[in-house]
Amino acid sequence: MKHLSPLLVFILVFGFTSASMAKDNDKEKKNEKKSVSSVGKTQTTTHTVTIGKKKLTYEATAGTIELKADDGKEKARIFYIAYTAKGLKDTAKRPLTFSFNGGPGSSSVWLHLGVFGPRRVIMNEDGSAPPPPARLTDNEYSILDVTDLVFIDPVTTGFSRAVPHDKAKNFHGVQSDIESVGDFVRLYTTRNKRWHSPKYIAGESYGTTRAAGLVAHMSRRYGMFFNGIILVSAVLDFQTISFNANNDMPYVLFLPTYAATAWYHRLLPQELQKLSLKSLVREARDFAEGPYLLGLMKGQRLKGKERKKLVTQYAQFTGLSPAYVENSDLRVPLFRYNKELLRDKRLIVGRMDSRLTGYSIDPINDTSGYDPSLATFIGPFGGALNHYVRAELKFESDLPYEVLTGRVHPWDWGHFKNQYVNVATSLRQAFCPNPSLRVFVANGYYDAATPFFATEYTFDHLSLPEALQGNVTMRYYEGGHMMYSHKKSLAKMKKDLADWLR
């Protein structure tokens, strides 16, 4: 296969088309030539939050850590926000979780203000956005009661920047990104005397790709072993999500998500619509890995009554018309599915969260043009972070906080060029010297960016020894890529994570 373009992978992994931002990138880079020095000094403030029924006092630290080359020259400044509980007897042995998001090109704002941190963005119960301006509230579902937290913004995201600015490309790649984040983790752990703390890595989306590579890198490079990894909306094997010619895998692995989406929008036949979500997903899985997979294997040998039956079944599970399925040769890629499902209503379906919809800009086109679900999240989270970091954490900077940027591209895929990115092998390698390592995987039924069936497939093919297979915990939520934006999923996720961390 030809190597995926960086922009295409950015769209695949985080669903954000950066074309509209591209014209501004060069101007912004010039404006920042001297502005890296405008990043403020590290600030520590004290706060309280009630989690469950327990009041917790904690310190919040917002600042930067300088990364230096072997010759002592500064090469980057990594911005972070850390939360540590106060008043505990032995803080050194308290769990410590390093968290980041994906992209590539995303800051850590989503996991930070969506689920893990002591403050969270106010969203509607179903995960849609209230009218602006964005507002924050205390997060009664934070995991700060069971672990200290450090949110990391990789270079060029958040307030993190390369020094000098024109060397940023040195950090924009699979391996260089892992190494720079790893350097930060080592420095923070050392300076805060946390080597004896149980340590965890948490990543979302491409952040799970980074997490799998990071845990292996840290054990090899620094002898730092982790107790566990939290993977939210995981993608470790890019072949599972890449709709390319002669790659039938995504068509099979996305089908249960298509079925869940059609079920939510009440577009399935009565016998399927009356099922519970879990029962519907179970039947869709059986069809996908059974008759559908075998049919795709036959290619043009699939004919006559057998083909007609398969077309009918596929249409019933996806909510599409048999004619559309037939004309698509039983292979409907995500960008077409999201446009076609509600075309008669001139609506498009969200990719990050297929429960959410938006108005179609060009009803005749077969592509969405934008992701209405991502558009739902950008405003509330970006606005809330920019207010929070200055008004509550007292950190000042004239730099723009890069919530989600295309400025990290072109991304250097290193030895993955001309092949699909696959870091599942790195995760497997991390288990071998550290059989105590545990993995928690959070899946959203309505996540059409990194579908749950693709994640299941990846872990089913991880080739772990049988004795270690129980180290992997899978949990499912009735939300999308950011399942925590759905209030009931947020509460369930907190309970599941707290139980797992304890």
Side-chain angles (χ1 to χ4, degrees), residues 125-128 233-234 240-241 248-296 309-322 324-325 328 330-334 336-345 347-357 373 441-460 474-489 492-493 496:
E125 292 281 332
D126 64 352
S128 61
S233 303
T240 63
I241 65 168
D248 282 339
M249 189 180 295
Y251 297 103
V252 175
L253 299 178
F254 274 69
L255 190 138
T257 299
Y258 289 177
T261 302
W263 178 88
Y264 180 84
H265 293 287
R266 305 194 66 79
L267 296 173
L268 297 182
Q270 185 177 359
E271 64 270 20
L272 293 177
Q273 193 66 54
K274 69 181 181 181
L275 297 175
S276 67
L277 177 59
K278 290 183 179 179
S279 297
L280 181 277
V281 164
R282 185 163 51 248
E283 290 204 15
R285 275 195 190 99
D286 291 342
F287 170 71
E289 63 185 2
Y292 182 51
L293 175 60
L294 294 175
L296 294 186
K309 179 181 179 181
L310 200 63
V311 167
T312 300
Q313 289 176 307
Y314 185 97
Q316 289 175 336
F317 274 110
T318 59
L320 302 174
S321 70
Y324 189 85
V325 174
S328 300
L330 280 155
R331 295 166 175 84
V332 181
L334 177 66
R336 287 181 178 165
Y337 181 80
N338 286 355
K339 188 63 177 284
E340 181 66 20
L341 187 66
L342 298 174
R343 185 187 293 271
D344 60 338
K345 298 179 181 178
L347 295 175
I348 53 177
V349 173
R351 179 175 171 275
M352 309 299 281
D353 192 328
S354 62
R355 297 172 306 135
L356 305 179
T357 61
S373 54
V441 188
N443 302 282
Y445 283 120
Y446 302 108
D447 177 5
T450 57
F452 62 89
F453 197 31
T455 301
E456 291 172 0
Y457 176 91
T458 299
F459 277 88
D460 286 342
M474 287 268 186
R475 292 292 181 265
Y476 301 83
Y477 305 93
E478 294 185 26
H481 198 67
M482 292 95 147
M483 68 285 293
Y484 43 83
S485 67
H486 177 243
K487 189 71 174 292
K488 291 182 179 179
S489 295
K492 183 178 184 296
M493 190 174 179
D496 290 344

| Does Arg355 use its side chain to pair, donor to acceptor, with the backbone of Asp126 at less than 3.5 Å? | yes

| Minimum-distance pair of heavy atoms, taken over all atoms of Val332 and Tyr258 | O-OH, 2.8 Å

| field | Check: His486 main-chain N/O paired with Tyr477 side-chain donor or acceptor under 3.5 Å | value | no

| query | Do the side chains of Tyr314 and Leu310 get nearer than 4.5 Å, heavy atoms only? | reply | no

| query | Counting N and O atoms only, with roles assigned by atom type, does the side chain of Ser233 sit under 3.5 Å from a partner on the main chain of Thr450, one being a donor and the other an acceptor? | reply | no

| task | With side-chain contact (heavy atoms from CB on, under 4.5 Å) as the test, would you mind laying out the steps for Asn338 and Thr261 before giving the verdict? | result | CA-CA 10 Å; Asn338 286 355; Thr261 302; 5.9 Å; no

| field | Nearest-0.5 Å distance, CG of residue Leu341 to CG of residue Leu320 | value | 6.0 Å

| task | Mind running side-chain contact (heavy atoms from CB on, under 4.5 Å) on Asp353 and Met482 for me, showing each step along the way? | result | CA-CA 8 Å; Asp353 192 328; Met482 292 95 147; over 6 Å; no

| Any Leu268 side-chain heavy atom under 4.5 Å of Leu275 side chain | no

| query | If we only count heavy atoms from C-beta on, is the Asn443 to Asp447 side-chain gap below 4.5 Å? | reply | no

| task | State, yes or no, whether a side-chain contact exists between Leu277 and Tyr446 at a heavy-atom distance under 4.5 Å. | result | yes

| query | Is the backbone N or O of Met249 less than 3.5 Å from a side-chain atom of Tyr457, with the two atoms forming a donor-acceptor pair by type? | reply | no

| In Å, rounded to the nearest 0.5 Å, how long is the span from CE of Met474 to CG of Asp496? | 13.5 Å

| field | Taking every non-hydrogen atom, the tightest pair across Phe254 and Thr240 | value | CE1-O, 3.7 Å

| query | For Thr357 and His265, what are the C-alpha separation, side-chain angles and deciding distance, and is it a side-chain contact (heavy atoms from CB on, under 4.5 Å)? | reply | CA-CA 10 Å; Thr357 61; His265 293 287; 3.6 Å; yes

| task | Provide the closest heavy-atom pair for Ala448 versus Gly350 in the form atom of the first, atom of the second, distance. | result | CB-O, 4.5 Å

| request: Report yes or no: does Tyr292 contribute a side-chain atom to a donor-acceptor pair with the main-chain N or O of Leu330 at less than 3.5 Å? | output: yes

| Backbone N/O of Trp263 and side chain of Gln273: donor-acceptor pair under 3.5 Å | yes

| task | Compare all side-chain heavy atoms of Pro451 with those of Ile241 and state whether any distance is below 4.5 angstrom. | result | yes

| said: What I'd like to find out is whether the side chain of Val325 reaches to under 4.5 Å of the side chain of Val311, using heavy atoms alone. | reply: yes

| query | Taking Ser489 for the side chain and Ser485 for the main chain, is one N or O donor matched with an acceptor at less than 3.5 Å? | reply | no

| query | Measuring from Leu356:CG to Leu347:CG, what's the distance to the nearest 0.5 Å? | reply | 12.0 Å

| request: Quick one: closest heavy-atom pair of Val441 and Ala234, and the distance? | output: CG1-CB, 4.5 Å

| remark: Looking only at heavy atoms, the pair that brings Phe453 and Ala288 closest together is CE2-CB, 4.0 Å

| Tyr324 vs Arg336 side-chain heavy atoms within contact, under 4.5 Å | yes

| task | Measure the spacing between CZ of Phe287 and OG1 of Thr318 and express it to the nearest 0.5 Å. | result | 8.5 Å

| said: Working to the nearest 0.5 angstrom, can you tell me the gap between Lys492 NZ and Arg475 CZ? | reply: 6.5 Å

| query | Quick one: does Lys278's side chain get under 4.5 Å of Tyr445's, heavy atoms only? | reply | yes

| For the residue pair Ser321 and Ala315, what are the closest heavy atoms and their distance? | C-CB, 4.1 Å

| query | So Phe317 and Glu283, side-chain contact (heavy atoms from CB on, under 4.5 Å) or not? Walk me through it. | reply | CA-CA 9 Å; Phe317 274 110; Glu283 290 204 15; 4.2 Å; yes

| message | To the nearest 0.5 Å, what is the distance between CD on Gln313 and CG on Leu272? | response | 10.0 Å

